[in-house]
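This report concerns only the one structure given below.
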2 protein chains.
Amino acid sequence: MLEARLSQAALLKKLLDSIKELVTDANFECNEEGINLQAMDNSHVALVAVKLDADGFAKYRCDRAMPLGVNLTSLTKVLKCAKDDDRVTLKARDNADVLNLLYEAFVGDRVAEYEMKLMDIDADQLGIPETDYDVQVAMSSTEFARICRDLTNLGESVKIEVNKEGVRFTSEGDSANGSVLLIQTAESEAAYKGVLDKKKKKEEGESSGVKKEEGAEDEDETMADGEKEVEEEDEDEDAPKSAKKGKGKRISKKPADDDDDDDVIEIKDEEDAEKEKEKEDDAEHQEEEEDDAEEEDTSSKKRKKKATAKNGGPSKRAKKDKQIDEAPPGVYIEMQQAVQLTFSLKYLVNFAKSSALSNYVTLSMSNEVPLLVSYNFGSGSISYYLAPKIGDE
Amino acid sequence: MLEARLSQAALLKKLLDSIKELVTDANFECNEEGINLQAMDNSHVALVAVKLDADGFAKYRCDRAMPLGVNLTSLTKVLKCAKDDDRVTLKARDNADVLNLLYEAFVGDRVAEYEMKLMDIDADQLGIPETDYDVQVAMSSTEFARICRDLTNLGESVKIEVNKEGVRFTSEGDSANGSVLLIQTAESEAAYKGVLDKKKKKEEGESSGVKKEEGAEDEDETMADGEKEVEEEDEDEDAPKSAKKGKGKRISKKPADDDDDDDVIEIKDEEDAEKEKEKEDDAEHQEEEEDDAEEEDTSSKKRKKKATAKNGGPSKRAKKDKQIDEAPPGVYIEMQQAVQLTFSLKYLVNFAKSSALSNYVTLSMSNEVPLLVSYNFGSGSISYYLAPKIGDE
DNA sequence: GGTGGTCTTG
DNA sequence: CAAGACCACC
C-alpha cells in the first residue's frame, strides 16, 4: 500500500497545472524511493517525467512498487479542492482501483476526503537516455517562460544557439523576426553555478542507484572545465571579453532590420561570430559607460544596463553563496561544444508553465538530440524532453 | 413617491451581481419599511428574496407601497456606472414608468444621473414559509462558496448532512467522490453563535410585521409540524407565535405545477391580477397598522430590541453585537434533529455569489423542506430557497 | 483576482 | 447571431 503525505498541497497542484495540458493520463509509479511519472504528451511529441523523492514527503510509505493509473484531468479537479496550504495525504491499497486523497486544513477544523477512480494505463516506461549533453544552461525560469511566450507571438519555432558568451533565442515569423540574447555574467554565473552542479550530482547519484541525498549535498566541488574558466574571469583584470561585460544583459534585436554583420543569426561560422561579438561588445562598453552616467536602472532600460556590470561590487558578489530565491537575469552555461537547435515553441511554452515550481530552469542540449528542460524543486523535479526540428520543418 | 439614498453604491452593485444571473426581471416592492424583492429564478426552481431595511438607507422615504418592475440586466448596467463609494439615490414617482438614479461622488465634484425604464412584472409574490428549521448552520460565506465550487467540479449535486459534530458536504461524480467535513469548534461556535441568534430574532421580527403572507394561499398546510416544537425552544417568552405562524407559505417549486389561483404567474387576466394586488395591499396595510400598534416601533428597531432582549449575559451580548469581520473556519450548528438533504450544486454555487455581501452565511434545513441560504448584511438580507432533490433525480 | 478569449447556448 | 459562462493568461 501507499501512504504519502505532503505538507503543502500547493506542490501537487502546481505539478498538475504544469502537465495537465500536455498529458491527460499517466501512471504514477510508486515505489519505496518515491513517486515517478513518465509519459509522452498527447501528440506523442514530447516526453514528461516527474520525480517526487520519498524524502520530500512529510511521511512516505510504499510497501511495494505499484503503478497508479491516473486521469490527470480528474486529479486536477480533485486537487483544485485542496487549499494551497492543506496537508495532503495520498493513499492507495495494493491493486486498488481508487486513490484516496485526504486534505487537512492548516487549522484543524476542516477535513476533506476524496476518492478518485484509477485506470489501467499501458505503461510505456520509455527509457530515458542518460545523455551527456554538450551544453547545459541554467537560467531564470520566468525569463525562459517570458522568452518563449514572446517569441511564440512571432513564429512557430525557436532556434536556440549556445556558445560561451551566452544563449540566443531566435524566432522568425511572417511579419517579424525576433532574437533574445542572454549573456553569461559574473552575477548569473555565481547564482546558477551551484544549480547545475547540484543537478549533475543528483543525476549521477540517481543513475548509480544511490540515494540522492549524497549527491545533492556536496555542491561545492564538481567543477566542469568551462566552469573554472568562467570563475577566473569573475574577478580578473585581463578583461575577458565575454562573461564580464553584461551583468544581466538581455538584448533583443530584430535581426531582419539589421543587415550588419553583427547579426549573429546570419553568421554561419562560429569563430567569426565570436570575433564580431567582441567588437560589438567593446563598442557597447563605451556606450554604456556614458549611459550609466545618465541612466538609472529601470526595467525598460534593463537591456542597456550592461555597464553596471563593471561596478559589480561586493554586494553582487554575495549572491554567489545565496540560495536562488529570486533568479537573477542572465545565464550560466556549461559547455563542451557550441550547439544550435530549433524547437517548436508551442511545446516550450507549455513546459515553461513549470516555472511555478522553481525559480530556475536548466536546458540541456546536444546537437541532433532531444532538448531536456528541467525544473528542480527541493523534493523532486520535472523534466521535459523535446526533439529538435530538423531542416525546415 | 420613493426616494431612497444609499451612502455606498457598492451594496447595490454587489446585490445585483449576486442575483442577476438567477433572475432577470423582478419587482422591487417598496414601502415605508424598506424595499423587498422576491422572485423565482429563471428556471423556476429557486426563490430569491432580498430585503433592504428602510433604516439601512441614509435617507428613506416611501409614501405608499409601490412595486418597481425592474429588468435586472438593465439595472446592473446602470449600476456599473456608479463607483463603489458613490452615494446613490433612487427616485421614482408614484406610478412612474422610470426609475431615476443619482450618483454623487464621494468627493463632491461629480454627479451622474441615470433614468431606467421600468416594466410591469406579474407580481408572483410567493409566500415564503416561516419554517422553524431542524438545523441552522452558520459558517464562513467564502468557505461555503469554496466548498460548492470545489464539489461542483466533481458532481452535479451535494448531499449535506448535519449532526451535532459538524456538517458534511458530499458529492459523487463519475471520476471522483468528495466529502468535506466542517467541525464545530469552540472558536467557531463563539464566533457564529450570535449570528444565528440574531438572525432568528430578526426573522421573528420580520414575520410579525410584513405583508406578503396575507395572500396566505392555501398552502399553509405545508407548514412543517416541527415548527411549534422548535418555537418553544426559543427562550423568548414574548415570542409572537401568532405572527409567526400561518404567515408562511411554502415555495412552490414549479409554479407551473401549481394550479392554485394564488400563483399570479398563471393569471392571464391583468385586471384580476390588479385587483388582487390591491386587496393584498389593503390587507397589508391593516396588518401593518396593527403591528405598529402593539409594538410602537419601526420594524427594524423591533428586531434589534428583541435580539437584545433575549440574551441576559453581557458577555454574550458583546459577542452578539460584534460584527464578524473575518469569518473563522468551522461551523456553528443549532439543531433539533439531524438532517440529510441533497441539492443541486449549480444553484448553490449561484447563491454563494452573495458572499461578497457578508462574511458569514446561514443554512437552514429540515428534511424534505427547501433549504434556506441566507446572507445578512447590516441593513438587510438576501435569502435563497432551494428545494432538495428527492430520491435519485 | 482581473481580464481576455473561446465555447456553448438561447 | 448575440450573450453569457467557462477557461486560461496575466
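Excluded from the calculations below are hydrogen atoms, water molecules and symmetry mates; all remaining heavy atoms, backbone and side chain alike, are included. Naming convention: chains lettered A, B, ... in sequence-line order (proteins, then strands); numbering from 1 in each chain.
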(request) With rounding to the nearest 0.5 Å, note down the distance linking OG1 in B/Thr76 to CG in B/Asn71. (result) 8.0 Å
(message) OP1 or OP2 of D/dC10 versus the side-chain N and O atoms of A/Arg146: is any pair under 4.0 Å?
(response) no
(message) Any carboxylate oxygen within less than 4.0 angstrom of a Lys/Arg side-chain nitrogen, looking at B/Lys159 and B/Glu172?
(response) no
(message) Treating primed atoms plus P, OP1 and OP2 as sugar-phosphate and everything else as base, which nucleotides of nucleotides 2-7 of chain D get B, S or - for protein heavy atoms under 4.0 Å?
(response) --SS--
(message) Within the 4.5 Å heavy-atom criterion, are A/Phe144 and A/Phe169 side-chain neighbours or not?
(response) yes
(message) Walk along nucleotides 1-10 of chain C from 5' to 3' and tag each nucleotide B, S or - by protein heavy-atom contact under 4.0 Å, base first, then sugar-phosphate.
(response) ----------
(message) Nearest whole Å is fine: how far is D/dC9 P from A/Lys346 NZ?
(response) 14 Å
(message) Give the dot-bracket line for DNA chain D from 5' end to 3' end: parentheses for intra-strand Watson-Crick or G-U pairs under 3.5 Å, square brackets for crossings, | for inter-strand pairing, dots for unpaired.
(response) ||||||||||
(message) Quick one, A/Val361 and A/Phe351 - any side-chain contact, counting heavy atoms below 4.5 Å?
(response) no
(message) Tell me if the NZ atom of B/Lys83 is crowded by more than 12 foreign heavy atoms within 6.0 Å.
(response) no
(message) Working to the nearest 0.5 angstrom, can you tell me the gap between A/Ile160 CD1 and A/Thr342 OG1?
(response) 8.5 Å
(request) Taking all non-hydrogen atoms of both residues into account, name the closest pair between B/Asp150 and A/Arg110 and its distance. (result) OD2-NH2, 4.2 Å
(message) I need the A/Tyr385 OH to A/Leu371 CG distance, nearest 0.5 Å.
(response) 10.0 Å
(request) Can you establish whether the number of heavy atoms outside A/Gln8 located under 6.0 Å from its atom CD is more than 12? (result) yes
(message) Are A/Tyr192 and A/Tyr332, when compared by the centres of their aromatic rings, separated by less than 6.0 Å?
(response) no
